[in-house]
Structure formats: C-alpha cells, structure tokens
Number of protein chains: 2
Amino acid sequence: MSLRHALLGFLTTEPTSGYRLAQEFSESAGWFWYASHSQIHPELRRLEEAGLVTSEVGAGDARGTRTYRITDAGRAELDRWLKDGATEYPPVRDVERIRLLFLDQQPLEVIRKHFEAHIDHHRRLLQIYSDQLDANQRGVFPRLVKRLAVAAPGTEDIVQGLKEIALKGQVMRAETEITWAENALRWLAGHDAAGRVQS
Amino acid sequence: MSLRHALLGFLTTEPTSGYRLAQEFSESAGWFWYASHSQIHPELRRLEEAGLVTSEVGAGDARGTRTYRITDAGRAELDRWLKDGATEYPPVRDVERIRLLFLDQQPLEVIRKHFEAHIDHHRRLLQIYSDQLDANQRGVFPRLVKRLAVAAPGTEDIVQGLKEIALKGQVMRAETEITWAENALRWLAGHDAAGRVQS
DNA sequence: GAACCCATGTAAGTTGTTACATGATTGA
DNA sequence: TCAATCATGTAACAACTTACATGGGTTC
C-alpha cells in the first residue's frame, strides 16, 4: 500500500486538499507517483477513518474544499514505514521490452519506429526532470521551498540534497534509455546497409 | 492487456503449457514480464475462448498437462498489436523514490541503508542480465536457440540482435542505478564528515 | 451564458496478489 | 514414504482505470 504512505508523506509538508494532491500526483510525469483523483479521495477518507489524518471544510467555503492534515498517529505510521520496511521492488513488467522481443519478425521500419518512439518518450521525461533539477539546485522549486520551511533545523541540506539526488536519478535513467535506443538505431542502420549490400 | 500479448508472443516460439509459461514468467528476475500461474492459467483459457490459441492434453498424460498452441487468429492479433499500437508507457509509480524523498527527516544511517539496499538489489539484477547477455552472445541462450529455429529465413541476426539489445538495456539500467546510488553514498559520507567537523 | 477550472464523489470493470486446494510423478 | 516437482485450478481481496455525475466559481 504505497499510495497510503505517499499521501501521508506529502501531508507532512503541508495540509492540503485531495484535489491539490491529485494535481501533484498527476503533473510532471507523475512526479514519482501517479494516482488519479478517484483513487486519492477514497484513500484519504480511509486514512481519516484510520485516524492517520483529519480533515475539515473551511467555514465560508462554498466549494467544499476539504483540507487534510496528518495526525501524530499518521506521522508515526509514516515513520514506521520508513524505518522498518525495506523497499519492495515490484516485479518487472516492461511492455516496451516484450514488444521489442516480438518485433524480431516485423519489418525493420517498424522496429526503427519503436526505438524512435522510445527516444521521444524519454526526451520528454528528460526535459521535465532536467527543469526540475535545475529549479531544485537554484532553490526555487516550490515543493522544495515548502519542505525546507517545515524541515527540522539542521536538516535543510539533507532535504535539498536528497531531492537533488532523486531528480538526478530520473535524469540518469532518461539519459540511459536515450543512449540505449540511439545505439540500437545505429545497429539497425548498420544492419540495414549490410543487408542491402549482401542482397 | 499486455499479459495477453506476452503469452501470444511466447507461444509463437513454441507450443507449451501454462506451467512452463508460469516458470518463464517467474524466473530470471521476471525476464521482462512477471505473472503468476494463477493469472496465467485463466488468461490462457480466455485466449482459447477467443480463438487465439488452441489446447490439448496429451493422450497418455496422467498429469493433465495442457499444451497451448497459437492459432492464425492469434498470430494476426499479435501482429496487429505489434504494428498498430504504440508502446503504452505506464505512469511512474516508484516506491523507492517516494521513500527516499521522505527519508529526509530520518537519521543518516537509515538513508545510507536505503542506498545500500538499492545497490544490492541492482547488483543482483545486473548479475542475472549480464549472464543472460553473455549466453545470448555465445548463442547458447535456450530461448534464443528455440526462437532462431522458428525465425523466418534471413531474420536470424535480427532475432539475436534484438535480444542482445534488450538485455543490454537491462544491464545499462542496473549499472545506472548502481552508479547513482554509489554517488549518493559518497555525497552522504561527505555530508556526514562535514556535519561532524562543524559540530 | 458558455467554457473552463475547482472540487469531490461513485460505480463498474480490469488487473494483479495471496492463499487455499487438489492430485500425479519422481527421486532420495 | 517423504519431499520436491509437475500441473492446474479457485476464491477473496487489493489496486488501479475509466467513465459518469454533480455543483460552485471565474472569466470572457
């Protein structure tokens, strides 16, 4: 149940609404966790039932925006999750790779398009994460600013450092995928040429 | 519905049983797709209902091993999937990363363990994929041998090349993760030392 | 007043996990 | 004969997706 803990984690930065959380969890390539509002709202209510968060609707709020706030029990649960549990790496389920394996009986053109689409996809991600990394390093990344404001004294450089490391990881991943696919395209081009020469 | 197409794809290499498929989908770090037998057996029956595969139990087979074979309709469906559909990249859901973000209020020791576990995990994967890559290059990788046997004439080097590229991708990913976490550990060690000097 | 954003919700369906259940064969 | 492996299956549950639904606020 990672959504639960992702929500608790975000709520340690500031109390906010399900709508805002849904925005955070949708934007920027899903940040590190994607979830839809139809999953977030019920989960927040379950968290409230469990006493891990509280919620209230502002007195004069006609829209009915419900603001969620993490409780001490919620912080304890998050702390327990962070301390006790090792990261559970999910099983590999890579559509791109299984497609690639079975593309071996398709025309070269189809294979080429596959790698090009892969590069496009990861270039988009690279752009997003590079921008965020840049904003983080300049200290203007909104989420960083908010988190620095609530960070325990003396932990500021850890907060910023870990965000930078996390973003650097995304950048490295995207770069790796692009390099890989570019190499593949080169191989494919060489193979194509070789095939023509021999025929 | 990728499991469907992953199963169809594997069945183009050779007719086999749900049990064997479940083994393939479990071993070797899940290869590129993990699925449990309790998901595979029902899916195979659904594929049979849809006319995409046929199945039969060998005459003298007391164990009741049911061998599935892809039909022309199944091949057509796989072909359609490979040709028409672009790869659908799933939304980002990265437990490791969200854990890392919220570790910023934990002791340095806990953070260090996180990166060490990350390195361990990816070293294991690296070993598996390196071995497979090696076996593939030497032409002794069982799945490669089988697939080469059914490959259309003239496509052998594409078959082997794409498998190599796919495995190379897994190796690169694992290496990237290890490099990333090693850098993070170095940063953490430097930070720890700096902290002690200042205090 | 139309279009768009803010804000929450439900319901149906799919996918995937975990646990339970059964029975045959093989090898120590 | 006991344990491991072969082989398939079901049932309950959890996670996630997609679509539908509602209503207030803002802006042109």
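Throughout, protein chains are lettered first and strands after them, A, B, ... in sequence-line order, and every chain is numbered starting at 1. The model shown is predicted, which means the values in this text are computed figures rather than measured ones.
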| query | Under 3.5 Å, is there a donor-acceptor pair between the B:Q127 and B:D131 side chains? | reply | yes
| field | 5' precedence on DNA chain C between B:E43 and B:H37 (nearest-nucleotide basis) | value | B:E43
| task | Indicate whether OP1 or OP2 belonging to D:dT17 is found under 4.0 Å from a side-chain N or O atom of B:R93. | result | yes
| Atom CG of B:L47 to atom C1' of C:dT15: distance rounded to whole Å? | 15 Å
| request: Mark yes or no: A:R97 above the aromatic ring of A:W180, with NZ or CZ under 6.0 Å from the six-membered ring centre and no more than 45 degrees from the axis. | output: yes
| query | Can you tell me how far P of D:dA15 sits from CG of B:L3, to the nearest Å? | reply | 20 Å
| query | In whole angstrom, what separates A:I40's CD1 from D:dC16's P? | reply | 11 Å
| According to a strict under-4.0 Å criterion, is A:R63 in side-chain N/O contact with OP1 or OP2 of D:dT26? | no
| request: Respond yes when some side-chain nitrogen or oxygen of A:Y19 is under 4.0 Å from OP1 or OP2 of C:dT8, and no when none is. | output: no
| query | Contact class for A:R46 (heavy atom, under 4.0 Å): base, sugar-phosphate, or nothing? | reply | nothing
| Hey, is the side chain of A:S38 pairing donor to acceptor with the base of D:dT17 inside 3.5 Å? | no
| message | On the side chain of B:S17, is there an atom forming a donor-acceptor pair with the base of D:dT8 - under 3.5 Å, no angle test? | response | no
| query | Within the structure, does a side-chain N or O atom of A:Q23 lie under 4.0 Å from either OP1 or OP2 of C:dC5? | reply | no
| request: Round to a whole Å and report the spacing from NE2 of A:H41 to C1' of C:dT10. | output: 12 Å
| What integer distance in Å separates B:R66:CZ from D:dG9:C1'? | 12 Å
| Closest-nucleotide 5' rank along DNA chain D - winner of B:Q39 and B:T65 | B:T65
| field | Whole angstrom value for the distance that separates P of C:dG16 from CZ of B:F25 | value | 11 Å
| task | May I ask you to decide whether A:R112 forms a salt bridge with A:E116, counting only side-chain N to carboxylate O separations under 4.0 Å? | result | yes
| message | Tell me the interatomic distance from B:L44, atom CG, to D:dT10, atom C1', rounded to whole angstroms. | response | 16 Å
| said: Ring of B:W31, cation from B:R143 - is the NZ or CZ under 6.0 Å from the centre and inside 45° of the axis? | reply: yes
| message | Measuring to OP1 and OP2 of D:dT10, would you say a side-chain N or O of B:R45 lies under 4.0 angstrom away? | response | yes
| said: Quick check: do B:L8 and A:F102 have side-chain heavy atoms less than 4.5 Å from each other? | reply: no
| task | Give the rounded distance in Å between these two atoms: CG of B:L21 and P of D:dA7. | result | 12 Å
